[in-house]
Q: 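Here it is, the structure, as structure tokens.
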Amino acid sequence: MSNPGLPVTIRTLKKMKAAGEKISCITAYDASFAAQVDAAQIDVTLVGDSLGMVVQGHGTPVPVTIDHIVYHCKAVARGLQRSLLMADMPFMSYSDPEQALRNAARLMQEGGAQMVKLEGGQLQVNVVENMTARGIPVCAHLGLTPQSVHKLGGFFVQGKQQDAADRMLEDALALEQAGADIVLLECVPDALAKRIWEAVSIPVIGIGAGPNVDGQILVLYDVLNVTSGKKPKFSKNYLTEGRDVLGALQAYNREVKEVLYPGVEHYG
């Protein structure tokens with residue numbers, strides 16, 4: 001199980017899954033907030049390409065570049081001591097195995113990331129195999145994949161139809177076989193998330209995917225209620241009841257660990 005005094009590693013996350021201990025994850029984009037995330041004992045910190053929307057003001061993450069992620073990753077790394085640092089591979093930064101390898105190396109060598117995350121199913125098997133064979137930990141992102149928002153036609157729940165659900169399960173199994181260390185499911189029906197969770201042996205993290213997974217992730221700005229415009233269904237404001245930033249993050253961490261978040265109003 002996790003030890004509050006030791007850095008979180010891939011091995012830690014696998015032990016947590018085996019022990020049934022929930023994994024808490026959140027995004028961060030700078031050193032100051034990263035230090036607060038670390039103080040709250042959140043297990044995994046993601047430098048997400050969501051920064052394109054919540055930091056840069058774009059409508060999608062598509063404009064985010066590898067240089068942007070490297071820059072923010074460097075900053076976040078300076079604020080962390082315990083939390084495992086994961087970095088998004090942005091749009092078109094992993095279109096073939098060699099390009100993916102080069103960019104993942106930048107995220108780890110320059111940015112200080114300990115794991116990279118990429119979107120897509122079986123199309124990414126060769127990319128994942130190439131990276132994991134060379135010691136790069138990978139999180140495979142399935143379901144609603146924001147980099148494909150223009151192809152998907154918007155931000156919608158994925159995997160509602162039986163054939164789509166079956167393909168997603170096949171994708172998860174193929175990516176695990178390719179060496180992925182984590183599967184992240186975004187905006188999928190809770191029954192499908194549970195089905196995938198039961199089928200794979202690696203940790204499954206959810207966002208808008210219900211409670212039947214190994215952990216949860218949210219965007220920091222949603223947790224602190226500073227996201228402008230329409231809030232996603234899975235978001236929850238923790239900056240309430242007189243809490244400060246650290247208190248809000250601690251409350252989120254506690255609710256994930258105690259399976260109080262997500263509630264039924266946050267998924268489906």
Q: Would you call D163 and R167 a salt bridge, using N to O less than 4.0 angstrom?
A: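 Here D163 pairs with R167 in a salt bridge, since their nearest N and O are under 4.0 Å apart.
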
Q: What verdict does the side chain to side chain contact (heavy atoms under 4.5 Å, CB included) test give for E21 and K257, after you've listed the backbone C-alpha separation in whole Å, the side-chain angles of each residue and the deciding distance to 0.1 Å?
A: CA-CA 7 Å; E21 180 182 352; K257 299 292 185 179; 3.8 Å; yes

Q: Got a salt bridge between D67 and R106, using NZ or NE/NH1/NH2 to carboxylate O under 4.0 Å?
A: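 Looking at R106 together with D67, the answer is yes, because their closest N to O distance falls below 4.0 Å.
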
Q: Should V219 and V54 count as side-chain neighbours, where that means a heavy-atom distance under 4.5 Å?
A: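 Touching, per the 4.5 Å side-chain cut-off.
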
Q: Is there side-chain contact between I69 and L51, with at least one heavy-atom pair below 4.5 Å?
A: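 Side-chain contact under 4.5 Å: yes.
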
Q: Do the side chain of T27 and the main chain of L220 share a donor and acceptor less than 3.5 angstrom apart?
A: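 Checked: pair present.
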
Q: Could you check if a side-chain atom of I182 sits within less than 4.5 angstrom of a side-chain atom of L13, using non-hydrogen atoms only?
A: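 Heavy-atom side-chain distance check passes, below 4.5 Å.
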
Q: Could you tell me if the side chain of V116 sits less than 4.5 Å from the side chain of M131, heavy atoms only?
A: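 Yes, close enough: below the 4.5 Å cut-off.
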
Q: Please confirm whether the backbone N or O of I205 pairs with a side-chain atom of D214, one donor and one acceptor, at under 3.5 Å?
A: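 Checked: no pair found.
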
Q: I'd like to check M115 versus V138 (side-chain heavy atoms, cut-off strictly below 4.5 Å). Are they in contact?
A: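 A side-chain contact is absent here, since even the closest heavy-atom pair is not under 4.5 Å.
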
Q: Would you say the side chains of Q122 and D171 form a donor-acceptor pair under 3.5 Å?
A: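 Short answer, yes.
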
Q: Counting distance only, does the side-chain N/O of Q114 pair as donor-acceptor with the main-chain N or O of T9 below 3.5 Å?
A: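 Pair absent, no side-chain N/O of Q114 close to backbone of T9.
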
Q: Tell me, with the steps shown, if N237 and V223 meet side chain to side chain contact (heavy atoms under 4.5 Å, CB included).
A: CA-CA 5 Å; N237 174 18; V223 169; over 6 Å; no

Q: Decide yes or no on side chain to side chain contact (heavy atoms under 4.5 Å, CB included) for V188 and Y267, but give the supporting numbers first.
A: CA-CA 8 Å; V188 305; Y267 62 91; over 6 Å; no

Q: If two hydrophobic side chains count as joined below 4.5 Å and joins carry through other members, does Y238 share a cluster with L246?
A: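 Looking at the clustering, L246 is in a separate group from Y238.
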
Q: Would you check if there is a donor-acceptor pair between the side chains of N103 and S93 at a distance under 3.5 Å?
A: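 Looking only at side-chain atoms, N103 and S93 do not form any donor-acceptor pair under 3.5 Å.
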
Q: The test is salt bridge (charged side-chain N to carboxylate O under 4.0 Å, His left out); show your working for D96 and R102 and say whether it passes.
A: CA-CA 10 Å; D96 64 70; R102 289 193 302 272; 5.4 Å; no

Q: So, D43 and R82, do they make that salt bridge, N to O below 4.0 Å?
A: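 Judged by the 4.0 Å cut-off on N to carboxylate O distance, D43 and R82 do form a salt bridge.
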
Q: Look at the side chain of D190 and the backbone N and O of A209, then say whether any donor-acceptor pair between them is shorter than 3.5 Å.
A: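 Flag not set: sc D190 to bb A209 has no pair under 3.5 Å.
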
Q: Can you find a pair of side-chain heavy atoms, one from P137 and one from M108, that are under 4.5 Å apart?
A: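 The answer is yes; the side chains approach within 4.5 Å.
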
Q: Is the CD atom of E198 crowded by more than 12 outside heavy atoms at less than 6.0 Å?
A: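 Counting other residues, nucleotides and ligands, CD of E198 exceeds 12 neighbours.
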
Q: Inspect the contact between E255 and K236 and indicate whether a charged nitrogen and a carboxylate oxygen are less than 4.0 angstrom apart.
A: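 Salt bridge present between K236 and E255.
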
Q: Determine the interplanar angle of the H72 and Y29 rings, folded into 0 to 90°, and report it as parallel if under 30°, tilted if 30 to 60°, perpendicular if over 60°.
A: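 Plane angle over 60°, so perpendicular.
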
Q: Report the C-alpha separation of R134 and L101 in whole Å, then their side-chain angles, then the decisive distance to 0.1 Å, and conclude whether the side chain to side chain contact (heavy atoms under 4.5 Å, CB included) test is met.
A: CA-CA 9 Å; R134 289 160 175 79; L101 196 63; 3.5 Å; yes

Q: If we ignore hydrogens and angles and just use 3.5 Å, is the side chain of Y94 paired with the main-chain N or O of E119 as donor and acceptor?
A: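 At least one qualifying donor-acceptor pair exists.
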
Q: Determine whether a donor-acceptor pair (N or O, by modelled atom type, separation under 3.5 Å) exists between the side chain of E176 and the backbone of S201.
A: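 Here the side-chain-to-backbone pair exists.
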
Q: Output yes when a side-chain donor or acceptor of S83 lies under 3.5 Å from a complementary backbone atom of D38, and no otherwise.
A: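 No; zero donor-acceptor contacts below 3.5 Å.
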
Q: Is any side-chain heavy atom of V245 closer than 4.5 Å to one of L224?
A: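 L224 reaches V245 side chain to side chain.
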
Q: Given 3.5 Å as the limit, does a donor-acceptor pair link the side chain of T145 with the main chain of L142, or not?
A: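 Side chain of T145 to backbone of L142, a donor-acceptor pair under 3.5 Å: no, none is there.
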
Q: Flag yes if more than 12 heavy atoms outside Q56 fall under 6.0 Å of its CD atom; otherwise flag no.
A: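 Counting other residues, nucleotides and ligands, CD of Q56 exceeds 12 neighbours.
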
Q: Is a donor on one side and an acceptor on the other found under 3.5 Å between the side chain of Q147 and the backbone of M89?
A: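 At least one qualifying donor-acceptor pair exists.
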
Q: Just wondering, are more than 12 heavy atoms of other shown residues or ligands nearer than 6.0 Å to CD in E265?
A: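 Yes, because the 6.0 Å sphere around CD of E265 holds more than 12 heavy atoms from other groups.
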
Q: Any side-chain heavy atom of E98 sitting closer than 4.5 Å to one from N130?
A: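 Counting from C-beta outward, E98 and N130 do come under 4.5 Å.
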
Q: Between D30 and R78, does any NZ, NE, NH1 or NH2 come within less than 4.0 Å of an OD or OE carboxylate oxygen?
A: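 So R78 does not pair with D30 through a salt bridge.
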
Q: Return yes when atom NZ of K160 has more than 12 non-hydrogen atoms of other residues, nucleotides or ligands closer than 6.0 Å, and no otherwise.
A: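 It does not: K160 NZ has 12 such atoms or fewer within range.
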
Q: So if you build clusters from Ile, Leu, Val, Met, Phe, Trp, Tyr with side-chain heavy-atom gaps below 4.5 Å, do V256 and V259 land together?
A: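 In one cluster: no.
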
Q: Please check this pair: side chain of D88 against backbone of D49, looking for a donor-acceptor N/O pair closer than 3.5 Å.
A: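 Side chain of D88 to backbone of D49: a pair is present.
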
